[in-house]
Number of protein chains: 2
Amino acid sequence: MEDFYLRQAEWLKALAHPVRLCIIQGLMDKGSCNVTDMQECLKLQQSTLSMHLQKLRAAGVITGTRVGLEVNYRLKDPQAARLLELLQQEHKAQEVIE
Amino acid sequence: MEDFYLRQAEWLKALAHPVRLCIIQGLMDKGSCNVTDMQECLKLQQSTLSMHLQKLRAAGVITGTRVGLEVNYRLKDPQAARLLELLQQEHKAQEVIE
DNA sequence: TCACTATATCATGATACAATGATACATAAT
DNA sequence: ATTATGTATCATTGTATCATGATATAGTGA
């Protein structure tokens with residue numbers, strides 16, 4: 001019970017970064033993506049992006065499969081997609097209010 | 001668009017702590033609660049708990065109303081409740097798998 | 001083998017977050 | 001006014017997270 005909150009908090013922390021949210025949304029939209037494409041899209045330094053990917057991998061949110069030189073990432077954890085949908089709902093609600 | 005991920009990440013960070021998840025779930029279950037009761041329930045030092053409450057208040061997740069000496073907190077952001085439900089789903093799914 | 005490309009990891013400094021004890025503030029009772 | 005109770009804030013210290021540049025690894029082609 002106590003352990004539950006600990007694990008879920010860890011999971012949330014793995015997602016609680018603007019770049020990582022953007023990566024997840026991108027994978028939801030595109031299905032899969034390699035690192036170079038993400039890099040151009042997000043305009044991030046290679047090592048910075050790689051660190052964020054590593055964090056998402058460690059949390060079990062995404063998986064990467066190597067294809068030649070490139071590594072293609074895709075969403076692994078369906079719960080992450082549901083969270084992003086939840087966040088989008090909030091966004092829409094706020095737009096209506098404004 | 002970029003700003004969206006930034007705001008949502010801030011919101012997630014405010015929730016991404018085991019104690020704060022526990023507080024939210026507690027408020028969902030009990031409706032409202034004062035600080036002393038939470039303190040006993042969670043076995044936290046007063047200042048530590050107060051800091052977590054402050055963080056949730058700042059993020060707009062909860063509100064407190066003073067009643068005499070006590071302050072009663074309750075959930076303000078319905079999105080937070082939805083997030084907790086999402087997390088509980090994950091939990092059940094994992095239990096079934098095991 | 002060598003050079004090249006794509007990605008990962010490491011070490012570091014900067015910044016943010018967490019827990020704690022001390023102190024302050026607000027309210028109530030005497 | 002004083003004292004007691006409930007809650008909030010502050011200062012400090014330890015720990016975690018972030019971005020970065022440098023270096024390492026994996027795969028490809030000459």
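Below, all heavy atoms of this structure are taken into account, side chains as well, without hydrogens, waters or symmetry copies. Note on naming: letters A, B, ... go to the chains in the order of the sequence lines (proteins, then strands), and numbering restarts at 1 for each one.
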Note: for Leu44(A) and Asn72(B) on DNA chain D, the residue whose nearest nucleotide lies more 5' is Asn72(B)

Between Gln25(B) and Gln88(B), is there a side-chain donor-acceptor contact under 3.5 Å, judged purely by atom types and distance? yes

Rounded to the nearest angstrom, tell me the gap between atom CD in Glu10(B) and atom C1' in dT15(C). 13 Å

Between dT9(C) (C1') and Arg57(A) (CZ): distance, integer Å: 10 Å

Rounded to whole angstroms, how far apart are CG on Asn34(B) and C1' on dT7(D)? 10 Å

Whether His17(B) contacts dA16(D) is assessed here as follows: a side-chain N or O lying under 4.0 Å from the phosphate OP1 or OP2. Is that the case? no

Would you say the side chain of Val61(B) lies within less than 4.5 Å of the side chain of Trp11(B), judging by non-hydrogen atoms? yes

Roughly how many Å is it from CD in Gln54(B) to C1' in dG6(D), rounded to a whole number? 17 Å

State whether Tyr73(A) places a side-chain N or O below 4.0 Å from either non-bridging phosphate oxygen (OP1 or OP2) of dA6(C). no

Where do N or O atoms of nucleotides 21-25 of chain D meet protein N or O atoms at under 3.5 Å, pair by pair?
residue : atom : partner  : partner atom : Å
dG21(D) : OP2  : Gln45(A) : OE1          : 3.1
dG21(D) : OP2  : Gln45(A) : NE2          : 3.4
dG21(D) : N7   : Gln45(A) : NE2          : 3.2
dG21(D) : N7   : Ser47(A) : OG           : 3.4
dG21(D) : O6   : Ser47(A) : OG           : 3.3

Specify the separation, in whole Å, of atom CZ of Arg20(A) and atom P of dA19(D). 8 Å

Please determine whether residues Val19(A) and Met51(A) belong to a single hydrophobic cluster, defined as Ile, Leu, Val, Met, Phe, Trp and Tyr linked transitively by side-chain heavy-atom distances below 4.5 Å. no

Donor-acceptor pair, side chain of Arg20(B) and main chain of Ala14(B), under 3.5 angstrom: yes

Closer to the 5' end of DNA chain D via nearest nucleotide, is it Ala16(A) or Val35(B)? Val35(B)

If only atom types and distance count, is the side chain of Gln46(A) paired as donor or acceptor with the main-chain N or O of Gln39(A) below 3.5 Å? no

N/O donor-acceptor pair under 3.5 Å between Arg66(B) side chain and Leu69(B) backbone: yes

Calculate the interatomic distance between Leu49(A) atom CG and dA19(D) atom C1'; express it in whole Å. 12 Å

Nearest-Å distance for atom pair CE/C1', residues Met51(B) and dA18(C): 6 Å

What I want to find out is whether Lys13(A) reaches Glu10(A) closely enough, with some N-O distance under 4.0 Å, to be called a salt bridge. yes

Between dC18(D) and Lys55(A), is there an OP1 or OP2 to side-chain N/O distance shorter than 4.0 Å? yes

OP1, OP2 of dA19(C) versus side-chain N and O of His52(B): anything below 4.0 Å? yes

Nucleotide dT20(C), atom P - distance to CD of Gln39(B) in whole Å: 12 Å

